[in-house]
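Below: one structure, written as structure tokens.
Computed over heavy atoms, backbone and side chain alike; hydrogens, waters and symmetry mates excluded. In each ligand, atom 1 is the first atom listed, and ligand 1 is the first ligand listed.
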Amino acid sequence: MTAAIETENLRKRYADVQALDGVSLSVPEGSFFGLLGPNGAGKTTFINVLVGLVRRSGGRAEVFGHDVEDDYQQARDAIGVAPQEFNVDRFFPIREVLEHKAGYHGIPEAEARERADRVLERVGIYDKRDTRFDWLSGGMKRRFMLARALITEPDLLILDEPTAGVDVQLRHDLWDLITDLNESGTTILLTTHYIEEAERLCDEVAILDSGSLLTVATPEELMDRGPDRITVTLRDPPASAPAVSSLPSVADADHDVESVDVEGDQLVVTARQGGLVAPDLVRDLDRDGHEIIDLDISRTSLEEVFVEMTREAEGDDAGEADDEAAADPEPAVASDGGERP
Ligand SMILES: Nc1ncnc2c1ncn2[C@@H]1O[C@H](COP(=O)(O)OP(=O)(O)O)[C@@H](O)[C@H]1O
Ligand SMILES: [Mg+2]
């Protein structure tokens, strides 16, 4: 099957910044794919190469088998994109903006009008159809960006931080909407730094940092890479932490135990795949005559794994300031005032 997105050794160099440093990525058709990374990682550049706003410096990039430069129109027609920055013609009623967009993609006038109404309804701003973009509230602007991405009924929907700075209600509305789209077959590429969002929505995530892919995995696989915390409350807690070697089942070679500590009246074991270690821990403690009052396993979050991975890669330098305006590669048609967080 042709991948929705396929890149090989994709590179982009701006004057002195290597924004993409050899990215090879395959996004399967029909998937809900997350592209995660700190500010400046290269996410927006990656998207802009796909939609033809930025020329790659090297490598290959295809959308449903069409090269994004050599077969620009075919590749572009397959994509609906809701960009991070608002680049909207603000002087026309939003319904007209949608009709223009549809016309540009070769959709006949009557159908363009129907589609415009349909997508405005879908994102919940149909009653604002005669309003200029400028006059919409921040949340409505976000909804409109999604409507515009949907007007061509794209097979690939790309959302660049669609929920940055939006309120909880809108975030959940957007999640429901894109989940529905994905269930009806649309491939989704979502960039976000809300880890909760990736965890909840994505089948697969790629972590990008300084233009390089650190990993591609399911959220579940990533969470398995970080240690879980097993906390056991005992009737008679030991005065000092038992050595792992004194817990024969826990010491099993199949387990990856990081530490065993006593914290107050609780025994805390840090181990990968804590759900598999816990039964053996119970067995060992029971064998030693301990009575267990309570047991709790808390899993590593995707957030912790993400922070850990990007920190390792950047030498403690991951927490860059929010500076997205400066990182925007193409000037927006309309620069926007107070909408971003
Ligand atoms: N037009 C540009 N000119 C110069 N540098 C740019 C331009 N666009 C982006 N960059 C730089 O490329 C890197 C990646 O930026 P970007 O793709 O916007 O990252 P992200 O979307 O992950 O925050 C950053 O260091 C950014 O400053
Ligand atoms: Mg960006």
Side-chain angles (χ1 to χ4, degrees), residues 5 7 9-25 27 33-59 61 63 68-69 79-88 138 141-142 145-146 149 156-166 171 174 178 188-195 197-198 201-202 205-216 302-303 306-307 309-336 339-341:
I5 301 171
T7 71
N9 199 22
L10 186 62
R11 302 176 162 274
K12 175 62 192 180
R13 188 170 183 88
Y14 296 110
D16 53 351
V17 181
Q18 192 70 45
L20 296 175
D21 196 9
V23 173
S24 301
L25 185 65
V27 174
F33 200 96
L35 186 58
L36 272 56
N39 281 330
K43 304 179 297 294
T44 298
T45 301
F46 183 79
I47 290 169
N48 284 345
V49 168
L50 296 181
V51 298
L53 277 174
V54 162
R55 279 192 85 80
R56 66 191 161 200
S57 317
V63 171
V68 298
E69 287 179 17
I79 305 174
V81 62
Q84 185 172 6
E85 303 290 327
F86 300 136
N87 57 343
V88 176
K141 285 180 170 143
R142 275 288 155 220
M145 296 310 281
L146 184 57
L156 170 62
L157 177 64
I158 300 180
L159 305 155
D160 197 359
E161 314 225 10
T163 55
V166 309
R171 183 172 306 164
L174 291 173
I178 49 185
I188 314 276
L189 177 71
L190 170 79
T191 80
T192 183
H193 43 256
Y194 292 101
I195 310 289
E197 188 162 87
L201 300 173
C202 299
V205 297
I207 297 182
L208 188 68
D209 196 19
S210 305
S212 300
L213 279 183
L214 299 182
T215 193
V216 180
L302 188 52
E303 170 120 48
F306 172 79
V307 168
M309 289 190 85
T310 52
R311 186 191 294 134
E312 272 167 27
E314 296 195 3
D316 269 340
D317 197 20
E320 222 171 278
D322 237 62
D323 193 16
E324 282 163 3
D328 190 40
E330 245 45 24
V333 172
S335 76
D336 195 88
E339 298 309 326
R340 280 175 292 104

Mind checking whether [X] and [Y] have side chains closer than 4.5 Å, heavy atoms only?
X	Y	answer
Pro38	Asp209	yes
Lys43	Gln84	no
Leu36	Ile195	yes
Phe306	Val205	no
Val51	Val63	no

### Task
Check ligand 1 against Thr44 and write out every atom of the ligand that is under 4.0 Å from a heavy-atom position of the residue.
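That gives atoms 17 (O), 18 (O), 20 (P), 21 (O) of ligand 1.
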### Task
Provide the number and element of each atom of ligand 1 under 4.0 Å from a heavy atom of Asn39.
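Counting from 1, the qualifying ligand atoms are 23 (O).
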### Message
Applying salt bridge (Lys or Arg N to Asp or Glu O under 4.0 Å), can you list everything that pairs with Asp21, at least two apart in sequence or on another chain?
### Response
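Applying salt bridge (Lys or Arg N to Asp or Glu O under 4.0 Å) to Asp21 gives Arg11.
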### Query
What part of Pro38, side chain from CB on, backbone N/CA/C/O, both or neither, has a heavy atom under 4.0 Å from ligand 1?
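Backbone only.
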### Message
So does Arg171 get a backbone contact from the side chain of Thr163, meaning a donor-acceptor N/O pair under 3.5 Å?
### Response
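No, because the side chain of Thr163 does not come within donor-acceptor range (under 3.5 Å) of the backbone of Arg171.
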### Task
Using a cut-off of strictly less than 2.8 Å, determine whether Thr45 has an N/O/S atom near the Mg ion (ligand 2).
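Of the N, O and S atoms in Thr45, none lies under 2.8 Å from the Mg ion (ligand 2), which means no.
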### Message
I'd like to know if the Mg ion (ligand 2) has an N/O/S atom from Gln84 within less than 2.8 Å of it, counting both backbone and side-chain atoms.
### Response
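It does; at least one qualifying atom falls short of 2.8 Å.
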### Query
Considering only heavy atoms, which of Ala41, Ser210, Ala19 lies nearest to atom 12 (O) of ligand 1?
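Among Ala41, Ser210, Ala19, the closest heavy atom to atom 12 (O) of ligand 1 belongs to Ala19.
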### Query
Of Leu20, Thr45, Asp16, which has the heavy atom at the shortest distance from atom 16 (P) of ligand 1?
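Answer by nearest heavy atom: Thr45.
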### Query
What do you reckon, does Val17 have a nitrogen or oxygen under 3.5 Å from a nitrogen or oxygen of ligand 1?
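In fact, backbone or side chain, Val17 has no N or O that close.
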### Message
Can you confirm, on distance only, whether ligand 1 has an N/O atom lying under 3.5 Å from any N/O atom belonging to Lys43?
### Response
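There is such a contact, yes.
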#### Entry: Gly42 to ligand 1, any heavy atom closer than 4.0 Å
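Distance cut 4.0 Å: Gly42 passes for ligand 1.
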